[in-house]
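Report on the structure given below.
In what follows, chains are A, B, ... by sequence order, proteins preceding strands, each numbered from 1.
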There are 2 protein chains.
Amino acid sequence: MKLSEFSLNDIVEPDVKWQEKAQAYLDSLAMPPGALGMLGHTAVKLATIQKTLKPQIKGKSLVMACADHGVVAEGVSNYPQITHAIVNTALTGGAAINAFCNQAGVNLTVLNVGVKGDVKPPEPMNAMVHYISKPVAPGTANMLHQPAMTKEECTEAISIGIQLAQDLDANIFVLGEMGIGNTTSASCLLAKYCDLSAEQVTGPGTGVKGEALQHKKEVIRKILERCSTEQEPFEILLQVGGLEIAALVGVILGAASQQKAVVLDGFISGAAALAAKAIAPSSMSYLFAGHQSAEPAHKQMLESLGLETLVKLDLLLGEGTGAALATNFLEASCNFFNSMLTLDEALKLS
Amino acid sequence: MKLSEFSLNDIVEPDVKWQEKAQAYLDSLAMPPGALGMLGHTAVKLATIQKTLKPQIKGKSLVMACADHGVVAEGVSNYPQITHAIVNTALTGGAAINAFCNQAGVNLTVLNVGVKGDVKPPEPMNAMVHYISKPVAPGTANMLHQPAMTKEECTEAISIGIQLAQDLDANIFVLGEMGIGNTTSASCLLAKYCDLSAEQVTGPGTGVKGEALQHKKEVIRKILERCSTEQEPFEILLQVGGLEIAALVGVILGAASQQKAVVLDGFISGAAALAAKAIAPSSMSYLFAGHQSAEPAHKQMLESLGLETLVKLDLLLGEGTGAALATNFLEASCNFFNSMLTLDEALKLS
């Protein structure tokens, strides 16, 4: 689908009446008030999104969007541009995300929107992984000196994400990503959308510390200086975003337009959510914070998004790992709305 | 099995060599160092317990031990003695624990070691629940005035737990409980085993607040005063424990003697773990903290046990709910040790 054919007006807030009904139902169940904690909130949110007191999970689809980042030329990552190697690992079934999708019954789609060099699906490719190759460009430009994407590239990447959310057979979308250098991009997006400084948004990513961390912070400071006048949401995304991040923005918009739930992973998918929020605020009602990563600024990011986090395991891995694990909790939420007795029903058993 | 036939010498520390091997294997996997956070620690612990780099989950069994508490006569709970109604709810499949066991593929055994009044397995009983009725006594005595259990009762409840851990076909044991009034018992156990005051150990349980909370604290203070000279681990358990807590101590000891993993739930099962630690310190090596509940002193309890927590969802429900959810994470840990490529293998794919 072309972005021009997509209407942001299709993204509407869920009906608040269902929220009230779902909350009243939760409060009637056979347990002390509030005893289900965050799972209670999760169940109410799912019920509201699905307009039912018996929410169902009909397919969980994880989109792991992958692309490279020109800014790695500035030495912001501990790693060389091995994005393609990690993508190939996921395609064989040998990455962390495969193990976690397998555990949680999540279908994994690896989406290449701009990995530098050839991704060659290895033989044998893992039968449980779906691979979609739609490279928009061989990575982004070096955003220290110029916009990361052209307007056309950014638009195309978003469109690919929207289309994918429409094509995949799922009612729970799970966001993942892979792209060496992309915490730098996510930090810049956080700074721009939330008016924060390089100091506040920079963290170790895959393990950058000491002088290298100071250098990363300095690169981010200079990028933010270069873009200091940008204010328009889409313009910010193309200036300091990434192709995989733009694709995830598309998945959020596409899922929200179909009134389907989206589970965020860590710092990178959170940056995509900030962009989606700026572009279409109503899309926030469909988001769940799957995971709080060890990246320091992620906590601030989740607060800005107004989301409480389901999984806190100090994962620092991306790929969608935390979000995939969090879908277990969405499933548990559905289960108790579908099977628990109310207190009145339970007391009749005594 | 009679407790006299069980030897605490059967509980041994896992071989530290396997811990070193497992840690080295974790460090070799295709990801940044430490990126798997707590799941990395979980995988290493499971591999150490099972003496393999490819740990497996061969059955997860949740023991929900249920019993009543004489101390509810002192008004320490918001609820009347409806333990049997909640037990009946679980037996129909309509409790929270059923929903969560169903989600996580955990087999549920409801163990009645002292529910007051008759538990009548309702018709139809849920086919996915196993019910074992071995009531030791119709609840504990009122521990404000006398020991909660006799020596014989406490011994019998522990023995039932040990036997169950030997009978159930599982290599992951999950602890749950139900017993109106049992946070009072758990608070007293925490105070005695960790030398804390009533002030430090008392919390709202199922929602006690204001004056009622002050009253609960005062009752706990008086109980601790009555038992101020008790020091011996088993003696503390019978003075201020519960029949279901003693049974869970047995499950821990029985599982540890077979070198199998045990997942704790909240404040009550944590109190059982403190007793097990005092009785057989080596049993600690087999424990995982499934869940950190909203009960304030639970954090302190987990610190005393030296365990880091997998699930933090502010559940306040007991039954084993948090622990059942946590088994998803143990499963994910096993999965990545079984399927992830090492960094060397992954780089060959590039």
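More than 12 non-hydrogen atoms from other residues, nucleotides or ligands lie less than 6.0 angstrom from NZ of K45(B). Open room surrounds NZ on K120(A); 12 or fewer heavy atoms of other groups in view lie less than 6.0 Å from it.
Contacts of E303(A) classified as salt bridge (charged side-chain N to carboxylate O under 4.0 Å, His left out), with partners at least two apart in sequence or in another chain: K299(A).
Both the backbone and the side chain of L36(A) come within contact range of chain B, judged by heavy atoms closer than 4.5 Å. With a threshold of 4.5 angstrom between heavy atoms, T92(B) approaches chain A through side-chain atoms but not through N, CA, C or O. Of the two parts of A332(A), the backbone and the side chain both hold a non-hydrogen atom closer than 4.5 Å to a non-hydrogen atom of chain B. The parts of N102(A) that come within reach of chain B are both its backbone and its side chain, each placing non-hydrogen atoms under 4.5 angstrom from that chain. Only the side chain of I82(B) comes within less than 4.5 Å of a heavy atom of chain A; its backbone N, CA, C and O stay farther away. For V119(B), no part sits under 4.5 Å from any heavy atom of chain A, backbone or side chain. Heavy atoms closer than 4.5 Å to chain B are found nowhere in F337(A), neither backbone nor side chain.
Residues of residues 338-345 of chain A lying within less than 4.5 angstrom of chain B, judged on heavy atoms, are S339(A), M340(A), L341(A) in numerical order.
L310(B) has its side chain within reach of L313(A): a pair of non-hydrogen atoms, C-beta onward, lies under 4.5 Å apart. Here the side chains of F336(A) and N98(B) are not in contact, with every heavy-atom distance at 4.5 Å or above.
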For side-chain contact (heavy atoms from CB on, under 4.5 Å), just list the numbers for N328(B) and L325(A), CA-CA rounded to whole Å, side-chain angles, deciding distance to a tenth of an Å, and then say yes or no. CA-CA 8 Å; N328(B) 288 296; L325(A) 291 173; 6.0 Å; no

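Of all heavy-atom pairs between N335(B) and A99(A), the closest is ND2-O, 3.1 Å. Shortest non-hydrogen contact noted between E331(B) and Q103(A) is OE1-NE2, 3.0 Å.
Rounding to the nearest 0.5 Å gives a distance of 11.5 Å between NZ of K312(A) and OG1 of T309(B). Summarising the geometry, atom CD1 belonging to I86(B) is positioned 7.0 Å from atom CG belonging to L347(A); distances are rounded to the nearest 0.5 Å. Expressed to the nearest 0.5 Å, how far CE of M31(B) lies from OG1 of T321(A) amounts to 10.5 Å.
Between the side chain of D314(B) and the main chain of G37(A), no donor-acceptor pair closer than 3.5 Å is present.
If you tally non-hydrogen atom pairs under 4.5 Å between each of A96(B), P122(B), G207(B) and chain A, the highest count goes to A96(B). Of the residues considered (V87(B), L91(B), L316(B)), L316(B) shows the highest number of contacts with chain A, using heavy-atom pairs under 4.5 Å.
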